[in-house]
Amino acid sequence: MMRTHTCGELRAAHAGTTVTLCGWVQNRRDHGGLTFVDLRDRHGVTQFVVEPDAPQAARDEAAKVRLEWVVRITGVVRARPTESRNKDRATGEVEIVVTAFEVLNAAEPVPVALAAGERSGEDQELKYRYLVFRRPEMREALLRRARMNHVVRDHMVTRGFTEVETPSLLRSTPEGARDYLVPSRVHPGSFYALLQSPQLLKQLLMIGGMDRYWQIVRCFRDEDLRADRQPEFTQLDVEMSFCDESDVQDVAETLVHRLLKEIAGVDVPRPFPHVTFSDAMERFGSDKPDLRFGLEVRDVSEIVRESPFVVFHDVVAAGGVVRAIAVPAKHAFTRKDLDSLRTVVADRGAKGVAWCRIAEPDWTGPAAKHLSPAMRAALVQATGAETGGTLLFVAGTREIAIPATGDLRLHLGSHFGLRDPKSFAPVWVDQFPLLEWDADGKRWNACHHPFTAPLAEDVALLASDPGKVRARAYDLAMNGLELLGGSIRIHQPEIQASMFRLLGISDEEAQARFGWFVEALRYGAPPHGGFAAGMDRLAAVLAGLTSIRDVIAFPKTAAATDLMTGAPSTVDGKQLAELGIRLV
RNA sequence: GGGGACGUAGCUCAAUUGGUUAGAGCACCGGACUGUCGAUCCGGAGGUUGCGGGUUCGACCCCCGUCGUCCUCGCCA
């Protein structure tokens, strides 16, 4: 046995016992006669003291060690004198009087900063990821994620779901994201695609009568990266039979509630609120609204329609909208702040932000002079603007003004410090449209995916007015992020066929690409639905982090490379020849 | 593919308008020190300023190219 205890468990009650601990030297303080060594492992940090009467060999070794050396130390636990206890450390009430000191491995100076709260350059941290694991924040992130997975497993098993593993090597499908392709050696010229999502596989499990399925599964998509997007990411995938929206949402909501309570330590009230997609867009300018704060958006097009202000007048006359946010008096703006708002909405194509102050006795600011007394009264009524507050306006087409005000609202929330990472506001968004018009491709696209069922009362509209059809789809948003999304699926082959036709996929094409799945719908497919949750984003948001890299052990760079191993890399001509591949 | 920020010692950063020998903290090396916990004190070593080219009497600084990291738009059913 190499050690009797870990570096996190010794307390005053252990006083008098002889212990042996192993770990990394976190710090060494040499006072000449006395030397202190802080020893760290993943459980904590324990202080050792090498006293003048320690064996000479132990004193020599202790004098030799440097940061991050790996050592094994034996000694006697002693309660520290009251005045030298360390309250910041769980083991701070004891120290270990060293009797033996063995160096297991020396270490060169490490190329990343390891102390709590410190960061090195991101490239450095990716290259030397294994060293970053020694830092408390990263260690906590991995431990927290493991606890999260444990809660998920417990929840799904308790709820009667069966864990089924599905393949990663699949047939490429044309819809969706770009595939990662894997060449077949046995069939030169043919390729597998790495799994983008087990969507159809889990529907087949339902058709097979598995009733309730779940899996934590790695998915792959060859698209450009973001702070919250990696080429491979982890989903919690869930599907259940003979259910409606409320059954699925209950499973997801109770799980998220448990995770918030057991991982983030926050007891969020249930049931979570619901908002329809159209309300979410109207009130928050987003289909994943951040409900931690107000500052809701209001459409004031009708109020300012007759304003002499050309920006308002012309936009409304051309069928566009004017949208407003009333900022309460307690949130002060400098003139510079107001000017900088233009760049916030410019990303969405909006021209700028008009504003006025609800001052006494008269409104001030550039927009004020264009607003008649009647308009002002109506604006106050519509937006809840208060005296001393500020009204912000964004004008443009619906496609521009709605997301622009959504961005503006989030910017204001951040600017005024209203987006507390330690508070959580989950909200269901439902009644998404089934389809959206792709103006470039001149065709309909599935908002969720092509297997999402339309709302029963809207099915008749599929032929007449597809854009009006609502989907039996639902997202759970929290703090401005999409945590999970799901739907009730199409289980009737005729509806699935008409869905493909609407999406511009011919019967022949559908047969060629999805025939294996569509055929399954003919052999007794039960009504079913489910959801998929992004575990990386969930882990990040529960920890109050914005980058999922911080909760992934070995993440890739924004260019999808692995700085540690150097992937992707070229391969031997021999390997390519075996696969029948020649580089161009 | 587009836009933006950044790249200086092992690590984190500084360096005035383009001007003397590119500095500091930590780490590392040597020394002192019996209660520290970011120990302290004395001394030392450590630099192709990412790389290549250009402008200039003179470039960490300006220009061009290139490589890398991050953010973002497009993209992500």
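We name chains A, B, ... by the order of the sequence lines, and we start the count at 1 in each one. Nothing here was measured: the structure is a model prediction, and the numbers come from that model. Any value given below was found using the heavy atoms of this structure, including those in side chains, with hydrogens, waters and symmetry copies removed.
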Taking only N and O in the side chain of A:Q124, is any of them less than 4.0 Å away from OP1 or OP2 of B:C11?
-> yes

Any A:R80 side-chain nitrogen or oxygen under 4.0 Å from OP1 or OP2 of B:C37 = no

Sticking with atom [atom1], work out how far [N] lies from [M], rounded to a whole angstrom.
N     : M     : atom1 : result
B:C62 : B:G23 : C1'   : 23 Å
B:G35 : B:A45 : P     : 31 Å
B:U16 : B:C73 : C1'   : 37 Å
B:C70 : B:A24 : C1'   : 26 Å
B:A9  : B:G52 : P     : 16 Å
B:U40 : B:C26 : P     : 7 Å
B:G74 : B:U69 : P     : 23 Å
B:U21 : B:G58 : C1'   : 15 Å

Sequence neighbours excluded, every pair satisfying ring-ring contact (aromatic ring centres under 6.0 Å, His included) that has a member inside residues 35-65 of chain A = A:H31-A:F36

Hey, what's the ring geometry for A:H415 with A:H411, parallel, tilted or perpendicular (30° and 60° as the breaks)?
-> parallel

With under 30° as parallel and over 60° as perpendicular, where do the rings of A:F432 and A:F277 fit, or are they tilted in between?
-> tilted

Show me the protein contacts with nucleotides 40-43 of chain B, counting only N or O atoms at under 3.5 Å.
none

Watson-Crick or G-U counterpart of [N], or none if no pair lies under 3.5 Å:
N     : result
B:C41 : B:G31
B:U56 : none
B:G65 : B:C51
B:G25 : B:C11

Tell me: [atom1] of [X] to [atom2] of [N], nearest whole Å?
X      : N     : atom1 : atom2 : answer
A:K87  : B:U36 : NZ    : C1'   : 15 Å
A:D38  : B:C37 : CG    : C1'   : 6 Å
A:L114 : B:C11 : CG    : C1'   : 10 Å
A:E118 : B:U12 : CD    : P     : 10 Å
A:R135 : B:U12 : CZ    : C1'   : 11 Å
A:D438 : B:A77 : CG    : P     : 13 Å
A:E482 : B:C76 : CD    : P     : 14 Å
A:D222 : B:G1  : CG    : P     : 13 Å

Ignoring hydrogens and angles, tell me if any N or O in the side chain of A:S286 forms a donor-acceptor pair with the backbone of A:K288 under 3.5 Å.
-> yes

Do A:K202 side-chain atoms and A:V238 backbone N/O form a donor-acceptor pair below 3.5 Å?
-> yes

Can you check nucleotides 22-30 of chain B for protein contacts, nitrogen or oxygen pairs under 3.5 Å, and list what you find?
from	atom 1	to	atom 2	distance (Å)
B:C29	OP1	A:R66	NE	3.4
B:C29	OP2	A:R66	NE	2.4
B:C29	OP2	A:R66	NH2	3.4

Letter per nucleotide, 5' to 3', of nucleotides 69-75 of chain B [B base touched, S only sugar-phosphate touched, - untouched; heavy atoms, 4.0 Å] = SSSSBBB

Which part of the nucleic acid, if any, lies within contact of A:R78, taking any heavy atom under 4.0 Å across all strands shown: a base, the sugar-phosphate backbone alone, or nothing?
-> base

Touch class at under 4.0 angstrom, heavy-atom based, for A:E95 against every strand present | base

Tell whether A:E108 reaches the base of B:G10 with its side chain through a donor-acceptor pair below 3.5 angstrom.
-> no

B:C37 base to A:R28 side chain: any donor-acceptor pair below 3.5 Å?
-> no

Side-chain H-bond candidate by donor/acceptor type, [X] with [Y], under 3.5 Å:
X      : Y      : result
A:S487 : A:R489 : yes
A:R218 : A:T234 : yes
A:D60  : A:Q56  : yes

Quick one: which of B:C11, B:A77, B:G35 gets closest to the side chain of A:P450?
-> B:A77

B:C11, B:A77, B:G35: which one has an atom nearest the side-chain heavy atoms of A:P111?
-> B:C11

Is A:R11 salt-bridged to A:E93, cutoff N-O under 4.0 Å?
-> no

A:R129 and A:D562 ion-paired at < 4.0 Å | no

Report the C-alpha separation of A:Q196 and A:D179 in whole Å, then their side-chain angles, then the decisive distance to 0.1 Å, and conclude whether the side chain to side chain contact (heavy atoms under 4.5 Å, CB included) test is met.
-> CA-CA 7 Å; A:Q196 287 191 26; A:D179 285 319; 2.6 Å; yes

Centres of the A:W24 and A:W69 rings: under 6.0 Å?
-> no

Could I get the full list of side chain to side chain contact (heavy atoms under 4.5 Å, CB included) partners for A:L169, not counting sequence neighbours?
-> A:V182, A:Y192, A:L194

The side chain to side chain contact (heavy atoms under 4.5 Å, CB included) partners of A:R348 (sequence neighbours excluded) come to A:P403, A:A404, A:D407

